[in-house]
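Taking it in order: structure first as structure tokens, then the write-up.
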Protein chains: 2
Amino acid sequence: MSATGKQRPTMADVAARAGVSRALVSIVFRNQPGAGQETRDRVLRVAEEIGYRPDNAARLLARGRSRTLGVMFTVHHTFHADLVEGIYPEAERRGYDVLLSATAPGRDEIQAVEALLAHRCEAVILLGPDAGAARLDELGRRTVAVSVGRRVRDARIDSVHTAENKGVRQAMDHLFDLGHRRIVHIDGGRGPGSAERRRAYGAAMRRYGLQAETRVLAGSHTEESGIEAGRLLVAERERGTPLPTAVLAANDRCALGLLMAFARAGVEVPGEVSVVGYDDSHLSHLMPVGLTTVRQDAVLMAERAVGFVVDRLDEENREPREAVIEPKLVVRDTTGRPAPG
Amino acid sequence: MSATGKQRPTMADVAARAGVSRALVSIVFRNQPGAGQETRDRVLRVAEEIGYRPDNAARLLARGRSRTLGVMFTVHHTFHADLVEGIYPEAERRGYDVLLSATAPGRDEIQAVEALLAHRCEAVILLGPDAGAARLDELGRRTVAVSVGRRVRDARIDSVHTAENKGVRQAMDHLFDLGHRRIVHIDGGRGPGSAERRRAYGAAMRRYGLQAETRVLAGSHTEESGIEAGRLLVAERERGTPLPTAVLAANDRCALGLLMAFARAGVEVPGEVSVVGYDDSHLSHLMPVGLTTVRQDAVLMAERAVGFVVDRLDEENREPREAVIEPKLVVRDTTGRPAPG
DNA sequence: GCGCTCTACTAGCGCGCTCTAGTGCGAGTA
DNA sequence: TACTCGCACTAGAGCGCGCTAGTAGAGCGC
């Protein structure tokens with residue numbers, strides 16, 4: 001037993017033991033015509049016996065194509081988890097393998113993507129990339145890539161994202177129709193879709209003639225930012241500034257944090273403040289009360305993303321495409337009429 | 001431009017352009033002695049220019065060792081996310097690459113692990129594996145493996161887990177000392193550590209002379225199971241059965257679900273019922289009130305897991321080892337004295 | 001008998017890299 | 001001058017596979 005662990009059997013081992021050539025074993029394992037049924041069975045049986053399994057590295061080196069898609073994601077993002085779950089089956093359906101590479105504290109996007117490329121992924125699926133257009137463009141020229149969640153312009157890269165403006169407009173109309181006027185937005189910072197959502201929020205307020213009430217709190221796509229925003233608002237109230245009657249959060253995680261902060265401070269939702277999230281990740285139905293949120297269809301987005309890159313790999317010289325998924329407001333229990341007065 | 005996308009430059013391209021041999025380029029990229037500083041700089045500059053990057057597949061094929069660790073995890077488990085974040089830096093520190101493979105609906109553990117092995121991972125780190133001892137043993141004979149979170153006996157596989165009995169005892173003593181007697185346990189089903197926790201719960205109840213009060217609700221390590229258990233208890237109360245005064249949940253996710261269900265039903269925590277979680281995942285501090293929970297040190301567990309497999313890879317014929325991490329009860333706001341009467 | 005096609009199988013190159021065993025050369029030593 | 005020695009560098013085998021080109025043999029028509 002060597003330092004590399006157990007010695008892996010190779011095709012040659014199988015071939016020798018089955019009394020055929022190496023090429024024949026290769027044919028059998030690729031499930032290609034050119035081998036008799038009897039021989040096929042024997043080869044497979046022998047392989048099973050000696051515990052042979054094809055070596056991906058060698059295979060992909062010889063084949064020239066890895067038929068592998070790389071996925072860059074962030075390990076704590078629940079919405080990314082939803083997306084990953086959608087990517088696996090779709091990739092498999094199209095005959096591709098999937099490799100995951102996470103960003104984490106101390107491991108940035110570049111490292112994560114480089115790891116994927118080093119493993120010869122033919123295309124990379126970037127979940128909510130943070131990198132700028134220039135870098136994405138560079139990546140897009142080097143390989144086939146798609147950005148999910150974040151819209152990318154002026155870069156040779158596909159993108160799949162939600163029609164943020166429509167999602168926000170639905171949410172804002174819902175709040176406005178309920179009677180809300182003092183509507184605050186917690187910003188998603190550099191998070192995917194944040195710029196669009198912020199803009200759409202501003203546009204909606206303007207349309208209602210509420211420019212004066214427009215207020216964006218700095219935040220991010222994390223629970224912490226929701227907690228912070230909640231604390232800030234509560235602290236303001238203690239100094240005399242009234243609470244907003246409604247908050248449009250950066251995403252569900254942020255909304256969750258906000259609800260927690262409000263719960264701790266005894267602020268009633270939706271009695272005193274209405275809250276709207278964004279994503280409809282599986283967090284949404286775990287809240288004390290069901291979260292009103294804008295649904296992004298993770299499965300559909302995953303399918304489109306896989307489809308985009310696979311198409312580009314199969315057909316030469318395809319132009320990058322953009323898919324805009326229709327969001328849908330899901331009204332649950334965190335929104336209601338503002339308290340009179 | 002071929003179907004595989006852009007043509008990757010190879011070492012030969014770099015060598016030709018830099019006017020050196022391919023072997024020399026290899027030396028430079030492996031950062032090995034045998035090349036002059038000037039040549040080194042030139043090679044690296046040329047590589048940068050033509051966008052060369054080493055091909056992992058070829059590299060690992062030639063090297064015989066991949067120096068890659070595979071991690072099997074479940075995409076929605078927040079505690080797994082904590083572990084993954086701990087694995088990356090430790091693996092890097094020891095000179096290993098990390099490959100992630102997720103289980104998901106429609107993608108079971110076997111598929112996830114096979115994918116890792118096909119990519120020539122030298123060892124696999126299994127986060128909370130569900131497979132039986134026989135299968136793990138088989139895997140352990142085929143490759144170097146470690147189970148994290150779940151204790152494994154009678155299998156050639158390392159394991160890193162928390163001293164569940166101590167964790168549960170701390171939690172139970174805490175509840176008992178507060179005055180609780182009607183303490184219910186939501187079971188983690190087949191989840192890692194569940195059997196040990198269930199046993200420890202039973203042992204504690206027996207020690208207090210509370211066998212008669214012992215009650216285990218079937219559950220799992222998900223928010224849903226907490227919600228279900230909560231609903232069940234609330235429904236029982238409506239039929240006359242009093243609520244327990246304290247609940248020891250399967251883990252934090254389960255506790256979160258339980259708290260949500262209680263909140264929805266207007267059950268006060270800890271006023272009417274105290275709740276204890278397990279893991280101290282980053283969920284813990286997001287609850288409306290801080291969750292009292294048993295901390296498992298994710299970073300330490302990750303480090304030990306990586307250390308175990310790397311040691312086994314480096315030193316031949318090492319015996320499988322077991323690390324038992326000391327848990328620590330973190331008392332926050334979901335536990336208190338039971339309501340008098 | 002011949003040529004033809006079809007199936008079952010094999011030989012052997014090459015994928016991009018690592019690594020061992022060299023070669024060539026200037027400096028140091030006797 | 002002859003010799004080592006160390007350094008910079010190269011030649012070339014081989015990692016495990018895929019794939020193209022080829023062979024051997026059976027079956028068939030004439």
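Remember, predicted model here, so these are calculated numbers, not experimental data. Order of the sequence lines sets the chain letters (A, B, ...), proteins ahead of strands, with each chain counted from 1.
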Find the distance [X]:[atom1] to [N]:[atom2] and express it as a whole number of Å.
X       : N      : atom1 : atom2 : value
B/Leu60 : D/dG16 : CG    : C1'   : 11 Å
B/Arg53 : C/dG16 : CZ    : C1'   : 15 Å
B/Phe29 : C/dC17 : CZ    : P     : 9 Å
A/Met11 : C/dT10 : CE    : C1'   : 14 Å
A/Asn31 : D/dC17 : CG    : P     : 17 Å
A/Arg30 : D/dG16 : CZ    : C1'   : 13 Å
B/Gln32 : C/dC17 : CD    : P     : 16 Å
A/Arg65 : C/dG16 : CZ    : C1'   : 18 Å

Are the charged groups of [X] and [Y] less than 4.0 angstrom apart, N to O?
X        : Y        : value
A/Arg142 : A/Glu114 : yes
A/Glu90  : A/Arg93  : yes
B/Arg190 : B/Asp130 : yes
A/Arg156 : A/Glu319 : yes
B/Asp137 : B/Arg141 : yes

Quick check: on DNA chain D, is the nucleotide nearest B/Pro33 upstream (toward 5') of the one nearest A/Thr10, or the reverse? Name the residue that is more 5'. B/Pro33
Summary of protein contacts for nucleotides 9-14 of chain D, nucleotide by nucleotide, where a base hit scores B, a sugar-phosphate-only hit scores S (4.0 Å, heavy atoms): BBBBBB
Write down the partner of D/dG29 under the Watson-Crick or G-U wobble criteria, each distance required to be under 3.5 Å. C/dC2
Need to verify one output field. Residue with the more 5' nearest nucleotide on DNA chain C, B/Val25 or A/Arg63? A/Arg63
Is the phosphate of D/dG16 approached by A/Arg59 (side-chain N or O, under 4.0 Å from OP1 or OP2)? no
So A/His221 and A/His77, would you call those rings parallel, tilted or perpendicular, with 30° and 60° as cut-offs? tilted
Kindly write out the residues that satisfy ring-ring contact (aromatic ring centres under 6.0 Å, His included) with B/His161, not counting sequence neighbours, or none if the list is empty. none
